[in-house]
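The structure appears right after this line, and notes come after that.
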Number of protein chains: 2
Amino acid sequence: MKPPSRAAKKAVRPSALQAESLQQTRRVHASEIAEDYVEAIADLSAAQGEARVVDLARRLGVTHVTVNRTVSRLHRDGYVTARPYHAIFLTAAGRKLAAACQRRHATVVAFLRSLGIAEKTAELDAEGIEHHVSPATLSAFERHLRRRK
Amino acid sequence: MKPPSRAAKKAVRPSALQAESLQQTRRVHASEIAEDYVEAIADLSAAQGEARVVDLARRLGVTHVTVNRTVSRLHRDGYVTARPYHAIFLTAAGRKLAAACQRRHATVVAFLRSLGIAEKTAELDAEGIEHHVSPATLSAFERHLRRRK
DNA sequence: TCCATGATGTAGCATTAGCTACATTTTGCC
DNA sequence: GGCAAAATGTAGCTAATGCTACATCATGGA
Ligand SMILES: [Mn+2]
Ligand SMILES: [Mn+2]
Ligand SMILES: [Mn+2]
Ligand SMILES: [Mn+2]
């Protein structure tokens with residue numbers, strides 16, 4: 001069945017741009033777990049001096065099995081040290097990534113709060129939004145925060 | 001190796017809240033593809049009267065194989081009709097979801113644009129951000145837009 | 001009419017990400 | 001020191017999401 005030629009070009013969002021946006025979204029999702037893990041490892045290291053598997057499992061809301069497998073991927077990718085039966089520590093690359101993520105996370109939460117959004121809602125939404133915030137958009141958030149201050 | 005008791009409780013983000021946030025993020029990601037698909041199907045239907053597999057593949061930036069399998073899941077979940085060798089159409093549930101997603105998408109893009117973010121950046125970031133925007137946050141975005149207008 | 005081409009469908013591979021069940025190691029405590 | 005419990009590790013399952021390669025269907029033009 002051929003599309004009836006009516007209405008024809010309705011000047012809709014171009015396919016190419018949406019495809020590019022969705023591809024970027026998929027790329028973001030591929031690196032997202034690494035970001036949340038290094039952030040959590042940094043938080044736990046600051047609070048307790050180290051990050052253990054159980055602590056990560058509790059904080060990330062998954063089982064220790066999932067943590068194990070993800071940590072081995074983080075190790076494969078050079079973000080963490082991983083010795084059996086020892087706590088997990090960030091490498092230099094891991095610390096750098098964690099610092100950027102912590103900063104971005106805080107900015108996104110502060111920005112949402114500045115719009116009058118409740119603390120808990122801001123935290124819930126920010127955990128997902130943060131990864132999709134490009135450097136340009138992060139700058140815009142910071143600019144808005146400075147203006148509002 | 002036990003954590004040295006120094007610094008002890010550093011009043012960091014509570015584990016329970018972060019775990020809950022990450023669980024919500026994972027739930028969002030599980031329904032995200034359905035949202036992007038019904039939105040694309042609605043767009044294509046409006047523009048051409050129907051949504052074909054090739055068109056969806058082009059617009060979503062994936063192969064037609066991926067489209068096929070996802071469409072069958074959408075059919076399983078009641079969002080689309082699916083007859084072999086025919087175009088794909090939204091069910092009532094699909095149209096309802098698509099309308100909400102289109103509206104939310106437009107709001108997120110407009111909100112980012114109102115912060116001075118470039119058109120293309122807004123579009124790229126919005127494609128990922130939109131799914132993590134809760135009803136409360138969407139309201140805040142709309143409120144901000146009304147205020148700025 | 002018929003057939004080349006485009007559209008669609010399917011088989012099967014890889015990776016990621018979650019899980020339960022069970023094995024092993026480490027540790028806290030008597 | 002010895003042992004129970006906690007922590008950690010591993011085997012193997014499911015599901016989602018991407019892909020290539022190949023098979024089948026549908027159609028428009030010669
Ligand atoms: Mn996050
Ligand atoms: Mn975060
Ligand atoms: Mn999207
Ligand atoms: Mn996301």
Side-chain angles (χ1 to χ4, degrees), chain A residues 1-5 15 19-20 22-37 40-41 44 48 50-77 79-89 127-128 131, chain B residues 1-5 15 19-20 22-37 40-41 44 48 50-77 79-89 127-128 131:
Chain A
M1 203 175 299
K2 195 63 192 315
S5 55
S15 277
E20 189 183 347
L22 289 167
Q23 280 163 344
Q24 170 166 301
T25 299
R26 290 194 291 269
R27 275 194 304 274
V28 162
H29 287 166
S31 48
E32 164 162 353
I33 289 199
E35 296 185 347
D36 286 330
Y37 269 68
I41 294 167
L44 287 169
Q48 315 185 171
E50 64 179 17
R52 292 178 313 155
V53 173
V54 271
D55 298 332
L56 282 170
R58 177 172 28 251
R59 172 169 287 256
L60 298 166
V62 296
T63 66
H64 79 278
V65 182
T66 299
V67 169
N68 267 343
R69 225 200 355 223
T70 305
V71 164
S72 75
R73 207 164 46 251
L74 293 178
H75 183 242
R76 179 196 71 188
D77 296 342
Y79 293 121
V80 302
T81 66
R83 282 187 309 162
Y85 294 103
H86 282 75
I88 295 133
F89 298 95
E127 195 60 75
H131 309 280
Chain B
M1 201 175 303
K2 193 64 193 311
S5 55
S15 278
E20 189 183 346
L22 289 167
Q23 281 163 343
Q24 169 166 301
T25 298
R26 290 194 291 269
R27 274 194 304 275
V28 162
H29 286 166
S31 47
E32 164 162 353
I33 289 198
E35 296 185 348
D36 286 330
Y37 269 67
I41 294 167
L44 286 169
Q48 314 185 171
E50 63 178 18
R52 293 179 311 155
V53 172
V54 271
D55 298 331
L56 282 171
R58 177 172 30 250
R59 171 169 287 254
L60 298 166
V62 296
T63 66
H64 79 280
V65 182
T66 299
V67 170
N68 266 343
R69 222 196 0 220
T70 305
V71 164
S72 75
R73 211 167 38 255
L74 293 178
H75 183 243
R76 178 197 72 189
D77 296 342
Y79 292 122
V80 303
T81 65
R83 281 188 310 164
Y85 294 103
H86 283 77
I88 295 133
F89 299 94
E127 194 61 73
H131 308 279

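Everything quoted here is computed from the prediction, not taken from an experiment. Order of the sequence lines fixes the chain letters, A, B, ..., with proteins taken first and strands second; residue numbering starts at 1 for each chain.
Taking atom NE2 of B/H86 as the reference point, atom P of D/dA26 lies 8 Å away to the nearest angstrom. Atom CZ of A/R52 and atom C1' of D/dT8 are 11 Å apart (whole Å). A/E32 has its CD atom 10 Å from the P atom of C/dG18, to the nearest Å. Taking atom CD1 on A/I33 and atom P on D/dA16, their separation rounds to 16 Å, with Å as the unit. Between B/L60 atom CG and D/dG18 atom P there is a gap of 9 Å when expressed in whole angstrom units. Atom NE2 in B/H75 sits roughly 16 Å away from atom C1' in C/dG9 (whole-Å rounding). Here C/dT26 presents its P atom at 15 Å from CD of A/E50, a figure rounded to the nearest Å. With rounding to whole Å, B/R27 atom CZ is found 17 Å from D/dA16 atom P.
Using a 4.5 Å heavy-atom cutoff, the side chains of A/T25 and A/H29 are in contact. Contact of the A/V71 side chain with the A/V53 side chain is not registered, since no non-hydrogen atoms from C-beta on lie closer than 4.5 Å.
Looking at B/H86, its side chain does come within 3.5 Å of a backbone N or O of B/P84 through a donor-acceptor pair.
B/H75 meets the side chain to side chain contact (heavy atoms under 4.5 Å, CB included) test with B/V80, B/A82; sequence neighbours excluded. The side chain to side chain donor-acceptor pair (under 3.5 Å) test applied to B/D36 returns B/H131, not counting sequence neighbours. With sequence neighbours left out, B/A87 forms a side chain to side chain contact (heavy atoms under 4.5 Å, CB included) with B/E50, B/R52, B/F89. A search for side chain to side chain donor-acceptor pair (under 3.5 Å) contacts involving B/E20 returns A/K120, not counting sequence neighbours.
Remark: of the listed residues B/D55, B/L56, B/L44, B/L56 is the sole one forming a side-chain contact (heavy atoms from CB on, under 4.5 Å) with B/I88.
Between the CG atom in A/L22 and the CD atom in B/E32 there is a gap of 8.5 Å [rounded to 0.5 Å].
For the pair B/A87 and A/H29, both in contact range of DNA chain C, the more 5′-proximal nearest nucleotide belongs to B/A87. Residue A/T70 is the one, among A/T70 and A/P84, whose nearest nucleotide of DNA chain C lies closer to the 5' end (criterion: closest heavy atom).
Out of D/dT8, C/dT16, C/dT8, the shortest distance to the side chain of A/N68 is found at D/dT8.
The residue A/R76 sits close only to the backbone: its heavy atoms come under 4.0 Å of sugar-phosphate atoms, none of a base.
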remark   = Encoded 5' to 3' (Watson-Crick or G-U under 3.5 Å; [ ] crossing; | other strand), DNA chain D becomes ||||||||||||||||||||||||||||||
All N/O contacts under 3.5 Å from nucleotides 19-23 of chain C to the protein, with atom names and distances to one decimal?
residue, atom, partner, partner atom, Å
C/dC19, OP2, A/T63, N, 2.9
C/dC19, OP2, A/T63, OG1, 3.2
C/dC19, OP2, A/T66, OG1, 3.1

